Amino acid sequence: MPIPPPRSTPDPIAAIATAPGRGAVGIVRVSGPDLRALAQALCGRVLAPREASYGPFLDEGGAPIDQGLALHFPAPRSYTGEDVLELQAHGGPVVLQLLLARCLQAAAEVDPAAGLPRLPRLRLARPGEFTERAFLNGKLDLAQAEAVADLIDASTAAAARSASRSLAGEFSRAVHALRDGLVHLRMLIEATLDFPEEEIDVLSAHDVRGQLSNLQQSLAGVQARARQGALLREGIKVVIAGQPNAGKSSLLNALAGAELAIVTPIAGTTRDVVQQTIQIDGVPLHVLDTAGLRESGDEVERIGIARAWDHIESADAVLWLHDLTRRDAPDYIAAESVIERKLPAAVPVLHLWNKHDAAPGAAVPPDGLLLSARTGEGLNELRQRLLHLAGWQGGAGEGLFLARERHLQALAQAAGHLHDAGAHLQGPALDLLAEELRLAQNALGAITGEFTADDLLGVIFARFCIGK
């Protein structure tokens, strides 16, 4: 697996690696060159490599700060590729802050009798810096490093499993298989460019057209899996919209399986947006219940309605809830017509006809879905329609790897260059064919970090939590 060469990172870093708040266990993590002296100063003893050692963590006067487990992972067999020291103490915020402060202080101390090297002064780690060092030192490629954060942030079990597959290198192996095919094809084309006097018809002799077609098919398969993985990571934004008292809050409660929104017969109860993330077949859906759409003289309600329209504009899907019990009322029909004219054309709309339990004989248009938020009628079909709208392919979850928007863009760029390469198979423009293949390889390399700008690395790792 091609990975970046190790880089020198002489300054040791330290951070609390567990989430803020109180807990049974808290971890302080340190990474840097040769941490033996630091470990001895903190623990008062020599730590055996990769063995948990129970004992006190000492302050500058030798008094115990806490009792816990200490582990020393000498380079290069560690998470970051440098020496790593982990101190597992009780999970109180004050204890962990004292222990972190002691690490920062102890790094500057010198014990001439110990015969151990003095460390540069420790500094606090930036967000994601431990994983960034793992990437820079060749322990992870960039797609695997991003999967670390995705695994932590996973909102569903399916997303966590897919992130774990990416962390294990499944996504990277698929990308490298494409890259190897591109390298082989480039070798054939560029050899012909370098030795034109041989007069070898490389296009037919090595079935370049067939190889390029196979690469395009393989890339399409990776794109399909990545798009499904992106759904597991990001989910879709679904806005419930409609006139007051159509049953929007009842529908949110029914989908979530909990009483999240207030439901009353009084029109205009919902003034602000109520949001809940639910999952259907492992796909997270961010469902928003919004204020009823109508003309209102109430200032607070007008603000809520304006926010509703803002969310509708940015939605991935709109559930337009119609009220079957008022379907034939002239004022209701007129208001529905006003809403329809204002709905953005680019946003998919599912027409839901609610309160079927109160109007059992009512008919609906062919594209509508009958449901009752009160009884649950139609909810299962609604869930399946939402999955279909999102592009989810049921049954594919176990073979997916989590992907990000930048991965999808890189794969699309590679597909575009392969398409353009096919246009140069006819005629003498082999140099243009070779260039398109090179650009496709670079696009794939951006996924794993082989061809990645430093400013992109800064953006990626800045979104990690501190201590990771």
Side-chain angles (χ1 to χ4, degrees), residues 1-4 141-144 146-147 162 165-166 168-231 233 391-393 395-396 398-453 456:
M1 178 184 295
I3 45 181
D141 68 26
L142 192 54
Q144 289 175 296
E146 289 171 302
S162 296
R165 280 190 285 272
S166 291
E170 187 170 332
F171 187 20
S172 300
R173 284 190 291 273
V175 171
H176 285 302
L178 291 169
R179 170 192 167 277
D180 291 344
L182 277 170
V183 169
H184 178 71
L185 202 53
R186 286 185 62 195
M187 176 191 68
L188 296 175
I189 301 298
E190 293 180 12
T192 302
L193 292 172
D194 290 339
F195 302 102
E197 65 278 2
E198 297 292 333
E199 297 183 355
I200 298 176
D201 185 3
V202 67
L203 297 181
S204 60
H206 296 280
D207 189 21
V208 168
R209 184 182 299 278
Q211 290 192 47
L212 181 59
S213 177
N214 289 338
L215 277 174
Q216 289 174 313
Q217 292 178 19
S218 297
L219 177 56
V222 174
Q223 282 183 288
R225 294 173 69 190
R227 281 192 293 267
Q228 296 290 289
L231 270 179
R233 180 178 184 272
W392 179 249
Q393 298 173 4
E398 291 304 318
L400 301 181
F401 34 72
L402 226 57
R404 299 184 171 203
E405 181 61 31
R406 79 168 195 92
H407 301 151
L408 299 182
Q409 291 177 0
L411 291 171
Q413 289 171 3
H417 290 304
L418 290 184
H419 177 271
D420 292 343
H424 300 303
L425 283 172
Q426 303 294 335
L430 289 184
D431 54 339
L432 296 178
L433 172 59
E435 176 63 10
E436 293 295 346
L437 295 178
R438 184 188 69 82
L439 293 173
Q441 181 183 342
N442 286 358
L444 294 176
I447 295 175
T448 56
E450 295 171 73
F451 306 102
T452 305
L456 176 59

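On a predicted model such as this, the values are computed, not experimentally measured, just so you know.
- Formation of a donor-acceptor pair under 3.5 Å by the Arg173 side chain with backbone atoms of Ala168 is found in this model.
- Among all heavy-atom pairs drawn from Ala174 and Val222, the shortest one is CB-CG2, 4.1 Å.
- The backbone N or O of Asn214 lies less than 3.5 Å from a partner atom in the side chain of Ser218, making a donor-acceptor pair.
- Ala443 approaches Ala410 most closely through the heavy-atom pair O-CB, 3.5 Å.
- Without hydrogens or angle criteria, Thr448 side chain to Asp141 main chain gives no donor-acceptor distance under 3.5 Å.
- Taken to the nearest 0.5 Å, the CD atom of Glu436 stands 4.5 Å off from the CG atom of Asp420.
- A salt bridge links Arg225 with Glu170: at least one charged nitrogen is closer than 4.0 Å to a carboxylate oxygen.
- To the nearest 0.5 angstrom, Leu182 atom CG is 8.5 Å from Leu219 atom CG.
- Residue Leu402 comes nearest to Gly229 through the heavy atom pair CD1-O, 3.3 Å, listed as atom of the first residue, atom of the second, then distance.
- To the nearest 0.5 Å, atoms CG (Leu432) and CG (Leu437) are separated by 11.0 Å.
- When all heavy atoms of Gln223 and Ala415 are compared, the pair lying nearest together is OE1-CB, 3.9 Å.
- In this structure, the side chain of Gln228 engages the main chain of Gly391 through a donor-acceptor pair within 3.5 Å.
- A donor-acceptor pair shorter than 3.5 Å cannot be found between the side chains of Glu435 and His424.
- Note: Phe171 and Phe401 have parallel aromatic rings, judged against thresholds of 30 and 60 degrees for the angle between ring planes.
- Nearest heavy-atom pair across Ala230 and Leu408 is CB-CD1, 3.8 Å.
- With contacts defined as side-chain heavy-atom distances shorter than 4.5 Å, the pair His407/Val175 does not qualify.
- For the atom pair Ser172 OG and Leu444 CG, the distance stands at 11.5 Å (nearest 0.5 Å).
- Judged by distance alone, with hydrogens and angles left aside, the side-chain atoms of Arg404 form no donor-acceptor pair with the main-chain N or O of Arg233 at under 3.5 Å.
- Residues Leu418 and Ala440 share a closest heavy-atom pair of CD2-CB, 4.1 Å.
- Here CZ of Arg406 is found 7.0 Å from CD1 of Ile447. Values are rounded to the nearest 0.5 Å.
- Rounded to the nearest 0.5 Å, atoms CG (Asp180) and CD (Gln441) are 9.0 Å apart.
- Counting heavy atoms from C-beta on, the side chains of Arg438 and Asn442 come closer than 4.5 Å.
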